[in-house]
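Input: a single structure, listed below in structure tokens.
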Amino acid sequence: MIVKRERGKLERQLVASLTEVCEQAKTEVVGFVWLTHCVDYQHFPESLVVIWVFDTDAHLASALKGEAKQRLHDFTASALAEAGVALDSITPHIDFDSEQACQRTHGGNWQRRLRARSVRH
């Protein structure tokens, strides 16, 4: 468990490093639009999940079948390392989603969608 003061510092580091790779991914991965992360600091780092969001289900499916998936894994690993987060395996800490899926199942309400997602993780 991380104490409150350390949480703020770590959160700022995560946001900075994830923002950097997000901007880079926007230029390299077709259909990628933004990312976010979910974390419960009482169960850190096990609870940390980085969510890569695409504009459409089709772009997401294409990325997951191609080289883009590995590129996004590499981006995530790089960002987390830069933030000082050490993980045995990066794969369980990465998820993918689309604006289209959120619109379809949560009426475009990302806060509600992410809350539902964090319950699953």
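A side-chain donor-acceptor contact under 3.5 Å links Thr19 to the backbone of Val15. Checked by atom type and distance alone, the side chain of Glu82 never pairs as donor or acceptor with a backbone atom of Ser17 at under 3.5 Å. With hydrogens and angles disregarded, no donor-acceptor distance shorter than 3.5 Å links the side chain of Ser62 to the backbone of Ala58. In terms of modelled atom types and a separation under 3.5 Å, the side chain of Arg12 and the main chain of Gly8 share a donor-acceptor contact.
For the pair Arg113 and Thr105, the tightest heavy-atom approach, listed with the atom from each and the gap, is NH1-OG1, 2.5 Å. The two atoms that bring Leu10 and Ala83 nearest to each other are CD1-O, 3.7 Å, heavy atoms only. The shortest heavy-atom contact between Ala116 and His106 is CB-NE2, 4.2 Å. Of all heavy-atom pairs spanning Cys38 and Leu114, the tightest one is SG-CD2, 4.2 Å.
Donor-acceptor pairing under 3.5 Å is lacking for the side chains of Glu6 and Tyr41. Side chains of Asp40 and His43: a donor-acceptor N/O pair is present below 3.5 angstrom, by distance only. Between the side chains of Thr36 and Trp52, no donor-acceptor pair is found at a separation under 3.5 Å. Side-chain contact, Glu99 with Gln103: no donor N or O sits under 3.5 Å from an acceptor N or O.
The distance from atom CZ of Arg71 to atom NE2 of His73, rounded to the nearest 0.5 Å, is 13.5 Å. Note that OG of Ser78 and CD of Glu20 are 7.5 Å apart. Values are rounded to the nearest 0.5 Å. In this structure, His93 NE2 and Leu80 CG are separated by 8.5 Å, a value rounded to the nearest 0.5 Å. How far CD of Glu23 is from CZ of Phe75: 11.0 Å, rounded to the nearest 0.5 Å.
Residue Glu67 qualifies as open at atom CD: its count of foreign heavy atoms under 6.0 Å is 12 or below. Open room surrounds NZ on Lys9; 12 or fewer heavy atoms of other groups in view lie less than 6.0 Å from it.
Proximity of Leu35 to Leu18: side-chain heavy atoms (C-beta onward) are separated by under 4.5 Å at one or more points. Residues His37 and Val39 are in side-chain contact: their nearest non-hydrogen atoms beyond the backbone lie under 4.5 Å apart. Between Arg104 and Asp57, some side-chain heavy-atom pair lies under the 4.5 Å cut-off. Here the side chains of Ile51 and Val53 are in contact, with some heavy-atom distance below 4.5 Å. Contact of the Leu64 side chain with the Leu60 side chain is registered, since non-hydrogen atoms from C-beta on lie closer than 4.5 Å. Taking the side chain as every heavy atom from C-beta outward, Asp97 and Trp110 approach each other to under 4.5 Å. Residues Leu48 and Val85 meet the side-chain proximity criterion, which asks for heavy atoms closer than 4.5 Å.
Between Phe54 and Phe32, the two ring planes are perpendicular [angle over 60°; tilted spans 30° to 60°].
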Can Thr76 and Val21 be said to form a side chain to side chain contact (heavy atoms under 4.5 Å, CB included), step by step?
CA-CA 8 Å; Thr76 305; Val21 296; over 6 Å; no
